[in-house]
Protein chains: 2
Amino acid sequence: MLLTIDENDNRPIYLQIISQIREQVGNGTLKPGDELPSVRDVADSLKINMHTVRSAYLKLREQGIISMHLGRRAKIAAIQLQSDTAYAEADIKARLKELMTDAILQGINPEELAILVNQLLEQLKEEFKSDQGEHYER
Amino acid sequence: MLLTIDENDNRPIYLQIISQIREQVGNGTLKPGDELPSVRDVADSLKINMHTVRSAYLKLREQGIISMHLGRRAKIAAIQLQSDTAYAEADIKARLKELMTDAILQGINPEELAILVNQLLEQLKEEFKSDQGEHYER
DNA sequence: TAACTGTTATATTATTTATATAACAGTTTG
DNA sequence: CAAACTGTTATATAAATAATATAACAGTTA
């Protein structure tokens, strides 16, 4: 599994890891049941501390994205707990609005933005369609 | 000018202030030349420290959103410095993609998302059109 | 001149992020 | 079974960020 640290990204390392794993779950690179590399392996390969990786994994578990158990390797969760969708939608909407005003303030006009958004939407729709596959957990 | 602190928002106070002002600039509530309340006034009304407000204002100045000068009250900048648009676009695109995968993971399907996005886009387009008005600074 | 502005300086506190070491407790593998 | 893996817990430390508190300074406005 590919994980990297972007020095230009001002977010903390553990958040970058979370983003990348969520991204890969979202686009199907990681599927339910897939095992994640151990916290020590990730730490070694990225040359960071074990606990930095672990804090990322812990958050992901809280979010229902992965499962972790003592002695076992972490894996992508079988069931994505989709917390209260109404709340989620309000949250997403707020983030989206902020993002768009940012975009416009930075000189991207709404037409460009629309193109950008629709490209991503089409992309995600396809991935979403082909991702209604087998779920398992033992 | 309306500013509030959201206890549920886990972002630092100064970032919340930045967001709200950018938001109001973006949607036309604040226009170029409009004066901002003094750092002390904002601090008093929100019951926070003067320097917390100031750090928000400083960031906004760095971003070219407002102008600040010794002795004078801060005001919305006349010219929005639109920093390197290519870079901005890449940044926005990355944020957008993350947002969308988050949305989908939270149980919002792409169709709902598309509706959400297009509503906001239409809204912003109108605001953008009616915002090509008078700019001034003395 | 007095009452505002932002600015600079110094200090302190709390929280977050990341590292470092070490031991513990389960699971898997040879 | 034993060794080599897993995640877990504990403790400690360092660095950076966020927020507060006071006080004085330096321009601008009324």
Side-chain angles (χ1 to χ4, degrees), chain A residues 1 3-21 30 33-78 136-138, chain B residues 1 3-21 30 33-78 136-138:
Chain A
M1 191 187 59
L3 288 176
T4 56
I5 296 174
D6 180 359
E7 299 292 344
N8 299 334
D9 192 332
N10 53 346
R11 293 176 308 165
I13 297 173
Y14 82 98
L15 282 183
Q16 292 189 37
I17 293 175
I18 290 176
S19 285
Q20 289 173 45
I21 292 178
L30 287 173
D34 284 356
E35 287 188 340
L36 297 172
S38 78
V39 291
R40 287 177 182 84
D41 281 354
V42 175
D44 288 350
S45 68
L46 295 182
K47 284 168 186 149
I48 59 178
N49 192 274
M50 196 190 81
H51 294 98
T52 304
V53 181
R54 186 167 132 82
S55 69
Y57 280 21
L58 284 176
K59 284 283 178 189
L60 286 167
R61 176 164 64 182
E62 283 173 24
Q63 294 167 6
I65 310 294
I66 72 175
S67 66
M68 285 169 88
H69 301 284
L70 216 183
R72 297 197 236 165
R73 186 167 287 183
K75 56 173 76 170
I76 304 301
Y136 62 91
E137 168 133 38
R138 66 153 227 94
Chain B
M1 191 186 59
L3 288 176
T4 56
I5 296 174
D6 181 359
E7 300 292 344
N8 299 334
D9 192 333
N10 53 347
R11 292 177 307 164
I13 297 173
Y14 82 99
L15 282 184
Q16 293 189 39
I17 293 175
I18 290 176
S19 283
Q20 290 173 45
I21 292 178
L30 287 174
D34 284 357
E35 286 187 342
L36 297 172
S38 78
V39 290
R40 287 177 182 84
D41 281 354
V42 175
D44 288 350
S45 67
L46 295 182
K47 285 167 185 149
I48 58 177
N49 192 274
M50 196 189 81
H51 293 99
T52 304
V53 182
R54 185 167 133 81
S55 70
Y57 280 21
L58 283 176
K59 283 283 179 190
L60 287 167
R61 177 164 63 179
E62 283 172 25
Q63 295 169 5
I65 310 295
I66 72 174
S67 65
M68 286 170 87
H69 300 284
L70 217 183
R72 296 197 236 164
R73 186 166 285 184
K75 55 172 76 169
I76 305 300
Y136 62 90
E137 168 132 41
R138 65 155 228 92

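All values below come from the heavy atoms of this structure, side chains included, with hydrogens, waters and symmetry mates left out.
- A:Ser19 places a side-chain N or O within 3.5 Å of a backbone atom of A:Leu15 that can act as its donor or acceptor partner.
- Expressed to the nearest 0.5 Å, how far CD1 of B:Ile65 lies from CG of B:Leu30 amounts to 11.0 Å.
- Atoms NZ (A:Lys75) and C1' (C:dT27) sit 12 Å apart, rounded to a whole Å.
- Rounded to the nearest 0.5 Å, atoms CD1 (A:Ile17) and OH (A:Tyr57) are 7.5 Å apart.
- Within the helix from C:dT1-D:dA30 to C:dG30-D:dC1, the inter-axis angle between the opening and closing five-pair segments is 30°, rounded to 10°.
- Not one N or O on the side chain of B:Arg73 forms a donor-acceptor pair closer than 3.5 Å with the backbone of B:Glu35.
- A:Val42 is not listed as a side-chain neighbour of A:Val39, based on a closest heavy-atom distance of 4.5 Å or more.
- Taking CZ of B:Arg54 as the start and CG of B:Leu60 as the end, the distance is 13.0 Å to the nearest 0.5 Å.
- Put simply, CZ on B:Arg72 is 11 Å from P on C:dT7, counting in whole angstrom units.
- The phosphate of D:dT22 (OP1 or OP2) has no side-chain N or O of B:Arg40 nearer than 4.0 angstrom.
- Residues from residues 42-58 of chain B with heavy atoms under 4.0 angstrom of DNA chain C, sorted by number: B:Met50, B:His51, B:Arg54.
- Atom-to-atom, CD1 of B:Ile5 to C1' of D:dA19 comes out at 11 Å; the value is rounded to the nearest Å.
- Taking only side-chain nitrogens and oxygens, A:Arg73 comes nearer than 4.0 Å to OP1 or OP2 of D:dT6.
- Separation of atoms CG (A:Leu3) and CD1 (A:Ile48) is listed at 8.5 Å; rounding is to 0.5 Å.
- The distance from atom CE of A:Met68 to atom C1' of C:dG26 is 13 Å, rounded to the nearest whole Å.
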Would you tabulate the pairs of protein nitrogen or oxygen atoms and nucleotide nitrogen or oxygen atoms of nucleotides 14-17 of chain C closer than 3.5 angstrom?
residue: C:dT17; atom: OP1; partner: A:Tyr14; partner atom: OH; Å: 3.4
residue: C:dT17; atom: OP2; partner: A:Tyr14; partner atom: OH; Å: 3.0

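- Remark: C1' of C:dG26 and CG of A:Leu70 are 5 Å apart, rounded to the nearest angstrom.
- For B:Lys59 and D:dA18, the NZ to C1' distance is 12 Å, given to the nearest whole Å.
- Not a single donor-acceptor pair under 3.5 Å links the side chain of A:Arg61 to the backbone N or O of A:Ser67.
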Verify side chain to side chain contact (heavy atoms under 4.5 Å, CB included) between A:Lys75 and A:Asp34, making sure each step is shown before the conclusion. CA-CA 5 Å; A:Lys75 56 173 76 170; A:Asp34 284 356; over 6 Å; no

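- A distance of 14.0 Å separates CZ in A:Arg40 from OG in A:Ser45, rounded to the nearest 0.5 Å.
- Rounded to the nearest 0.5 Å, atoms CG (A:Asp6) and CD1 (A:Ile13) are 11.0 Å apart.
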